[in-house]
Undergrad: 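Mind looking over this structure? Questions follow.
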Amino acid sequence: MNSFRIAIVGAGPAGYFAAQALQNLQTDDKKFAIDMFEKLPTPWGLVRSGVAPDHPKIKSVSKVFEKIATSENFRLFANVQLGRDIQLAELTDSYDAVVLAVGASKGKKLGIPGEELVGSVSAADFVPWYNGHPDFADLKMQLATDTAVVIGAGNVAMDVARMLALNPDELDPTDTAMPALEALHNSQIRTVQLCARRGPEHVAFTSPELRELPKLEHTTVLISELEISRAIERLETLPEPDSDAKNNLLAMLAIAQEKKPQQDRTLEFHFLLTPKEIRGADRVEEVVFTVNEVHGDSVVATDETYSIKCGLVISAIGYETDLSVELDIDKGRIKNQDGLIKDNLYVVGWAKRGPSGVIGTNKSDSTEVMKLLAEKLVKAKDPVDFKEVLDAREINYFSQQDWEKINQTEVEAGENLGKPRLKIVSHEEFLEVKNA
Ligand code: NAP
């Protein structure tokens, strides 16, 4: 019987689903002992620091993660950073295989003038801020403005726009990080302008997310019925109209036709606007867009521009892998062939395929890569116990038991406030709870 030792770097959905796949692939002759390394003191990746707090059902997948983590031969070493506390080469030397599940945490840049002005922020900062990621919790967001512009037409742009446009009372019973919740309560933003560079038929939103917008109690959602009707006409002239696009258009048409009394908060959708410049003396004052048109299959720029006055711009235009180790990056992800990087090094999740798909997408994706990994393993290496390595280096790692203590502390603190949990948002407090 061979017992193979596998290191998984990154405790997000792709990492857990890789661990689960390995657990399921075990046979009487082939066992897997898994060590999962995570740079934060807490696991769950985007389920903790990405999923919007008003989408608690999506977070219930954490129960699956905890089942995986409490299975035999699984160890968590959180608060351990690759490239700082441990090196990739020592992992590949010590383990039979290493799986990088490091995600894609760097926001893509617009690459336009004014992007660096105060008040211009990436969703890659804004989302972890409201979710209590300890590296972002202290950010000062520019919320003392009437209008915010959100650039992008994917589900992250939708989350960001919704979080800014809803009445923060709706977030009180959620696990929104307290510093962000307080700031949102004091926010002066009353209008959120979401701007897509292509037509309504091209948006990357998914229709369930669109269909929940009318449920916002205190926000009027504005979409031009004329623009949606034109997009439906355009879609119907195509030889093979995309069914997702059709579902999206029907969801947007329902919003456009909704008769709801004007609320004091507005979320407005704009289409066919490519950001050209962010203007302002020392902070954001205006975003200027090039107006586009749809010609057949393509979207083309016109000579016209359109401008929106605002004090906050959030770009939600996709992510790239942010690596602390030297590996080849191609189009924002680690260069790989079906998940194999080289030798005994693999990659799963957003770091493998780019920032696409929902959390569940990682299950099938990680499973395929782990099948490849398991097939290639023949003889186990001599074991090296990385716990001893970390202890010798006096690295203050958080074990599964430490995490369970933090989890319980957060959940208990939340109970009194009618929240699923009260998130700890500072590295110091994580250590205090661990050492208590
Ligand atoms: P995404 O779905 O790829 O959307 C990116 C958006 O940014 C697209 O609309 C894209 O427009 C636009 N864009 C890219 N470059 C741009 C530029 N230079 N200027 C203006 N717009 C630009 O990415 P995402 O929203 O970051 O989401 C990532 C993944 O997470 C997606 O699979 C998403 O569904 C998933 N997610 C799911 C949920 C949920 O299930 N509730 C929530 C959040 C995220 P073009 O199409 O024109 O390129």
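Computed from heavy atoms alone, side chains included, the values below leave out hydrogens, waters and symmetry copies. We count ligands from 1, going down the list as the structure has it; atoms in each ligand are counted the same way.
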Undergrad: Just by distance, do the side chain of N131 and the backbone of H133 share a donor-acceptor pair under 3.5 Å?
TA: no
Undergrad: Looking only at atom types and distance, does a side-chain atom of T70 sit under 3.5 Å from a main-chain N or O of E66, one as donor and one as acceptor?
TA: yes
Undergrad: Please lay out, stage by stage, how R265 and E217 fare under the test salt bridge (Lys or Arg N to Asp or Glu O under 4.0 Å).
TA: CA-CA 10 Å; R265 293 163 194 268; E217 269 184 60; over 6 Å; no
Undergrad: Does an N or O from N155, backbone or side chain, lie closer than 3.5 Å to an N or O of ligand 1?
TA: yes
Undergrad: Looking only at N/O atoms, are E209 and ligand 1 under 3.5 Å apart anywhere?
TA: yes
Undergrad: Number the atoms of ligand 1 from 1 as they appear, then name those within less than 4.0 Å of a heavy atom of A204, with their elements.
TA: 2 (O), 4 (O)
Undergrad: Check D35 with R75, please: is the shortest side-chain N to carboxylate O separation under 4.0 Å?
TA: yes
Undergrad: Non-hydrogen atoms of T206 versus ligand 1: any pair closer than 4.0 Å?
TA: no
Undergrad: Flag A153 as yes when one of its N or O atoms lies below 3.5 Å from any N or O atom of ligand 1, and as no otherwise.
TA: yes
Undergrad: Taking the six-membered ring of Y319, is the NZ or CZ of K108 close enough (under 6.0 Å from the centre) and on axis enough (within 45°)?
TA: no
Undergrad: Would you check the N or O atoms of S356, main chain and side chain alike, for any that come under 3.5 Å of an N or O of ligand 1?
TA: no
Undergrad: Is atom 14 (C) of ligand 1 touching the protein, meaning some protein heavy atom lies under 4.0 Å away?
TA: yes
Undergrad: At less than 4.0 angstrom from any non-hydrogen atom of R198, what atoms of ligand 1 do you find?
TA: 45 (P), 46 (O), 47 (O)
Undergrad: Below 4.0 Å from ligand 1: does a non-hydrogen atom of P355 turn up there or not?
TA: yes
Undergrad: Is the shortest distance from atom 3 (O) of ligand 1 to a protein heavy atom below 4.0 Å?
TA: no
Undergrad: What atoms in ligand 1 come closer than 4.0 Å to a heavy atom of Y319?
TA: 26 (O)
Undergrad: Rounded to the nearest 0.5 Å, how far apart are NE2 of H427 and CD of E429?
TA: 12.0 Å
Undergrad: If we check salt bridge (charged side-chain N to carboxylate O under 4.0 Å, His left out) with E410, which of these qualifies: K423, R48, K405?
TA: R48
Undergrad: Under a 4.0 Å N-O cut-off, is there an ion pair linking K371 with E368?
TA: yes
Undergrad: I'd like the name of whichever of V203, V156, L46 reaches closest to atom 27 (O) of ligand 1 through any heavy atom.
TA: V156
Undergrad: Yes or no: does W350 have any heavy atom under 4.0 Å from an atom of ligand 1?
TA: yes
Undergrad: Below 4.0 Å, non-hydrogen atoms only: which portion of A316 touches ligand 1? Side chain, backbone, both or neither.
TA: backbone
Undergrad: Is there a donor-acceptor contact under 3.5 Å from the side chain of N79 to the main chain of L40?
TA: no
Undergrad: Give the atoms of ligand 1, by number and element, whose distance to some non-hydrogen atom of D159 is under 4.0 Å.
TA: 42 (C), 43 (C)
Undergrad: Taking the side chain as every heavy atom from C-beta outward, state whether F271 and V203 have any atom pair closer than 4.5 Å.
TA: yes
Undergrad: Within the structure provided, determine whether F37 and Q81 are in side-chain contact (heavy-atom separation under 4.5 Å).
TA: no
Undergrad: Does the pair E201/K246 count as a salt bridge with the N-to-O cut at 4.0 Å?
TA: no
Undergrad: Hey, is ligand 1 close enough to P275 that some N/O pair sits below 3.5 Å?
TA: no
Undergrad: Using the six-membered ring wherever Trp is involved, compare the ring planes of Y16 and F65 and label them parallel, tilted or perpendicular (cut-offs 30° and 60°).
TA: parallel
Undergrad: So between V160, I359, I317, whose heavy atom ends up nearest atom 5 (C) of ligand 1?
TA: I317
Undergrad: What atoms of ligand 1 come within less than 4.0 Å of a heavy atom belonging to G154?
TA: 2 (O), 4 (O), 6 (C), 9 (O), 25 (O)
Undergrad: Around atom 35 (C) of ligand 1, find the nearest protein heavy atom and jot down its residue, atom name and distance.
TA: G357 O, 3.6 Å
Undergrad: Nearest non-hydrogen atom to atom 20 (C) of ligand 1 belongs to which of H55, R197, E212, H202?
TA: R197
Undergrad: Side chain, backbone, both or neither: which part of V358 comes within less than 4.0 Å of ligand 1 when only heavy atoms are counted?
TA: side chain
Undergrad: For ligand 1, is any non-hydrogen atom under 4.0 Å from M158's backbone (N, CA, C, O), its side chain (CB onward), both, or neither?
TA: neither
